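Structure, as structure tokens:
Hydrogens, waters and symmetry mates are skipped; everything else that's a heavy atom, side chains included, is used. Given the structure is predicted, the values throughout are model-derived calculations rather than measurements. Chain identifiers are assigned alphabetically (A, B, ...) following the order of the sequence lines, protein sequences preceding nucleic acid strands; residue numbering begins at 1 within each chain.
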Amino acid sequence: MLCIHNSLTGRKEPFKPMRDNQVRMYVCGMTVYDHIHLGHARMLTVFDLVQRYLRARGFDVTYVRNVTDIDDKIIQRAAQNGEDWAALARRFTDSMHEDCARLGLAPPDHEPRATAYIPAIVAMTRTLIDKGYAYVAEDGDVLYAVRKFADYGRLSGKRLEDLRAGARVEVDEGKRDPLDFVLWKHAKPGEPSWPSPWGPGRPGWHIECSAMSVSLLGDHFDLHGGGMDLKFPHHENEIAQSCAACGTPFVNVWMHNGFVRVDDEKMSKSLGNFFTVRDVLSTLRDPEVLRFFLLSSHYRGPINYSAAQLAQADETLLGLYRALADTPGGGTADPVAMEPLTAAMDDDFNTPEAFAVLQAEARALNAAKATGDGASAAARAATLRAMGRVLGLLQADPAEYLKRGVGAGLADADIERLAAERRAARTARRFKDADRIRDELAAAGVILEDKPDGSTAWRRA
RNA sequence: GGCUAGGUGGCAGAGUGGUCAUGCAGCGGCCUGCAAAGCCGCGUACAGCGGUUCGAUUCCGCUCCUAGCCUCCA
């Protein structure tokens with residue numbers, strides 16, 4: 001039984017989709033005004049895992065992840081660059097897609113862009129006005145009247161009075177309540193705009209997600225995800241909009257992933273302490289190291305980024321690939337051995353626990369290899385691979401993976417040549433020469449391993 | 001100030017009312033010409049103070065500390 005921690009109730013609950021085994025999930029994606037950073041990578045990886053596991057569990061998943069391609073920051077950045085805002089949004093959408101592909105993330109089933117949903121956004125805004133939940137302010141902005149929605153604050157556990165007390169928002173002239181938020185922004189001169197019953201303007205951020213999710217998944221669906229920081233106000237506002245406009249419950253299960261930190265501080269664009277995915281990837285032997293690192297702690301907790309942590313993840317993942325290397329093929333995964341993995345994942349996607357299961361399997365595989373039990377090794381290897389598939393890991397060719405390194409170094413051919421020289425020296429029992437070559441290779445970042453059958457394998461450190 | 005998560009061995013990180021996480025690093029052994037890799041073994045970990053209990057790292061209370069949200073943010 002799959003259980004998921006629901007942010008709405010604060011507890012783990014058995015997961016049951018509304019329509020037999022169909023799962024409809026929506027995740028808040030990126031505002032595309034820069035390259036994606038490690039924080040985005042965690043969110044993307046976590047929900048890729050969720051989506052992947054749900055499918056592995058036999059659910060028929062519709063995964064929607066939006067792109068916010070119109071926003072103050074995009075307009076601002078474009079103005080700074082002297083670039084067309086739409087061109088900038090397209091450029092960074094492409095950049096995100098490149099990074100996602102490198103991270104091995106499955107594309108969502110739908111990736112709606114806000115600018116393609118203006119009619120739906122306008123329609124929902126109109127409905128909210130008609131139903132008395134929204135009003136047109138003097139400056140032409142359309143605002144949501146928070147006090148009209150009785151459940152406001154339920155997701156984030158906040159009460160309106162508390163929010164007002166701590167409100168740091170400047171009290172806008174047109175707002176009836178400082179917490180009222182904008183659904184439609186009237187256009188200022190020179191800004192991109194779309195026509196609407198309230199004059200030319202553009203959508204507020206929150207209404208986009210409501211309009212896109214409802215359009216693609218219906219008024220009421222199963223799962224909604226995003227980063228912790230979106231819980232309030234973004235997701236709170238989505239609930240207020242969608243529930244009010246549709247007159248139905250909105251989402252059954254809310255999932256929020258924890259942050260990536262740097263020096264125990266949140267990594268974010270506003271703090272300026274962020275690492276882009278592409279920069280970090282260039283320091284790694286393979287993007288899989290980053291995925292492994294991101295999944296090595298539970299998705300709801302914080303994770304601290306550092307080069308040392310990444311190095312540790314690299315070493316651990318390498319060990320798993322070493323276990324997989326030189327194993328006989330033809331084995332089939334053992335369903336009984338898979339059970340602990342399923343149990344771990346069923347427990348709110350407990351990836352650290354799942355990793356421990358992988359390690360146990362790798363140890364058994366190594367033991368089988370050491371004793372020369374080929375049949376067992378083949379089965380264990382197949383099992384380990386199957387486990388990796390569930391997590392989106394360990395699908396590369398082990399021999400190739402182990403030869404990968406970071407940056408330039410000795411070419412494969414040179415390594416092979418030196419290794420052959422050493423083998424000759426060793427066969428002739430000229431151990432001094434053999435050891436000298438091995439030391440040279442080690443200095444160049446290449447590690448040799450003599451196999452029991454007399455052959456020598458190599459890998460990059 | 002309000003609300004929400006946390007504080008686990010050198011590091012990372014799960015979990016549990018009473019034998020075990022797991023990984024990295026370290027130490028010892030086996031293996032090896034020597035290594036590497038692997039296997040086996042080792043290390044008096046659960047912020048502090050009370051309470052409940054036969055027994056608490058695990059439950060309850062308080063204290064201290066950290067982070068997040070309360071404004072855009074994955």
* With Y321(A), the side-chain hydrogen bond (donor to acceptor under 3.5 Å, both in side chains) member among E288(A), R404(A), R459(A) -> E288(A)
* Asked: Run the side chain to side chain contact (heavy atoms under 4.5 Å, CB included) check on F293(A) and I303(A) step by step: do they pass?
  -> CA-CA 9 Å; F293(A) 166 68; I303(A) 190 167; 3.8 Å; yes
* What about the rings of F275(A) and Y305(A), do their centers lie closer together than 6.0 Å? -> yes
* Asked: Without hydrogens or angle criteria, can the side chains of E13(A) and T9(A) be said to hold a donor-acceptor pair below 3.5 Å?
  -> yes
* To do: For nucleotides C46(B) and G68(B), find the distance between their P atoms and express it as a whole number of Å.
  => 27 Å
* Closest to side chain of R363(A), choosing from A74(B), G23(B), A21(B) -> G23(B)
Do any side-chain atoms of residues 100-110 of chain A form donor-acceptor pairs under 3.5 angstrom with protein atoms, and if so which ones, sequence neighbours left out?
from    : atom 1 : to     : atom 2 : distance (Å)
R102(A) : NH2    : D99(A) : OD1    : 3.3
D109(A) : OD2    : R55(A) : NH2    : 3.0
D109(A) : OD2    : Y63(A) : N      : 2.7

* Separation of D439(A) atom CG from A36(B) atom P, in whole Å? -> 12 Å
* Structure fact -> Rounded to whole Å, the CZ-C1' distance (F355(A) to C24(B)) equals 14 Å
* Asked: Under 4.0 angstrom, heavy atoms only, what part of the nucleic acid is G258(A) near: base, sugar-phosphate, or nothing?
  -> base
* **Distance, P atom - from C49(B) to G13(B), rounded to whole angstrom** => 25 Å
* **Any side-chain donor near an acceptor of the partner, H5(A) and D348(A), under 3.5 Å** => no
* To do: Go through the side-chain N and O atoms of Y53(A) and R57(A) and say whether any donor and acceptor fall under 3.5 Å apart.
  => yes
* Could you work out the separation of G15(B) and A56(B) based on their P atoms and round it to a whole Å? => 23 Å
* Structure fact -> M228(A) atom CE is separated from C72(B) atom C1', nearest whole Å, by 18 Å
* For nucleotides G17(B) and C59(B), find the distance between their P atoms and express it as a whole number of Å. => 8 Å
* Asked: For the base of C72(B), is there a side-chain donor-acceptor partner from K73(A) under 3.5 Å away?
  -> yes
* Between C69(B) atom P and L160(A) atom CG, what is the distance in whole Å? -> 20 Å
* Hey, does Q312(A) reach any base, or is it just sugar-phosphate, or nothing, if we go heavy atoms under 4.0 Å? -> base
* To do: May I ask you to list the residues of residues 365-380 of chain A, by number, that have any heavy atom positioned under 4.0 Å from an atom of RNA chain B?
  => N366(A)
* Asked: Does a side-chain heavy-atom distance below 4.5 Å link F15(A) with C3(A)?
  -> no
* Asked: Do N237(A) and Y152(A) get their side chains close enough for a donor-acceptor pair, meaning under 3.5 Å?
  -> yes
* Quantified in whole Å, what is the P atom distance between nucleotide A47(B) and nucleotide U58(B)? -> 8 Å
* To do: Would you mind classifying the nucleic acid contact of V260(A) as base, sugar-phosphate or nothing, using non-hydrogen atoms under 4.0 angstrom?
  => base
* Structure fact -> Side-chain contact check for E353(A): nearest option of G68(B), C24(B), A14(B) is A14(B)
* Asked: Taking atom types as modelled, is there a side-chain donor on S156(A) or E236(A) under 3.5 Å from an acceptor on the other?
  -> yes
* Asked: Given G23(B), A14(B), A74(B), which nucleotide is nearest the side-chain atoms of H37(A)?
  -> A74(B)
* Among the nucleotides C72(B), A74(B), G15(B), which one has an atom lying closest to any side-chain atom of P233(A)? -> C72(B)
* To do: Go ahead and name the base partner of A56(B); Watson-Crick or wobble counts if both distances stay under 3.5 Å, otherwise write none.
  => none
* Does some side-chain heavy atom of M1(A) sit less than 4.5 Å from a side-chain heavy atom of D346(A)? -> no
* **Under 4.0 Å protein heavy-atom contact, by nucleotide of nucleotides 29-35 of chain B - B base, S sugar-phosphate only** => ----BBB
* Using the P atoms only, state how far G28(B) lies from C60(B), rounded to an integer number of Å. => 44 Å
* Between U71(B), C24(B), A14(B), which nucleotide gets closest to the side-chain atoms of P352(A)? -> A14(B)
* For RNA chain B, whose closest nucleotide is more 5', that of N237(A) or that of R459(A)? -> R459(A)
* **Side-chain donor-acceptor contact under 3.5 Å, S95(A) with R278(A)** => yes
* Distance in angstrom units between K266(A) NZ and A74(B) P, rounded -> 8 Å
* To do: Would you indicate which nucleotide in A14(B), G38(B), A74(B) comes nearest to any side-chain atom of H40(A)?
  => A74(B)
* **Nucleotide A74(B), atom P - distance to NE2 of H234(A) in whole Å** => 9 Å
* To do: For G43(B) and A25(B), measure between their C1' atoms and round to the nearest Å.
  => 13 Å
* Test of ring centre spacing under 6.0 Å for F250(A) and F221(A) -> yes
* Heavy atoms under 4.0 Å, any strand shown: does G39(A) hit a base, just sugar-phosphate, or nothing? -> base
* To do: Take atom C1' in C20(B) and the same atom in U57(B), then report the distance between them in whole Å.
  => 15 Å
* Asked: Within this structure, what is the CZ-to-C1' distance between R300(A) and A14(B), rounded to whole angstrom?
  -> 13 Å
* Is R42(A) touching bases, backbone alone, or none of the nucleic acid, heavy atoms closer than 4.0 Å? -> nothing
* Asked: Is T351(A) touching bases, backbone alone, or none of the nucleic acid, heavy atoms closer than 4.0 Å?
  -> nothing
* To do: Answer yes or no: does a side-chain N or O of N350(A) lie under 4.0 Å from OP1 or OP2 of G15(B)?
  => yes
* Asked: Nearest nucleotide by nearest heavy atom, which residue falls closer to the 5' end of RNA chain B, M43(A) or A364(A)?
  -> A364(A)
* Asked: Among the nucleotides A12(B), A25(B), G2(B), which one has an atom lying closest to any side-chain atom of K158(A)?
  -> G2(B)
* Mind checking who G6(B) pairs with, Watson-Crick or G-U wobble, both distances under 3.5 Å? -> C65(B)
* Please determine if a side-chain N or O atom of K231(A) lies less than 4.0 Å away from the OP1 or OP2 oxygen of A74(B). => no
* To do: Round to a whole Å and report the spacing from CD of E315(A) to P of U22(B).
  => 19 Å
* Asked: Applying a 3.5 Å limit to both distances, which nucleotide forms a Watson-Crick or G-U wobble pair with G1(B)?
  -> C70(B)
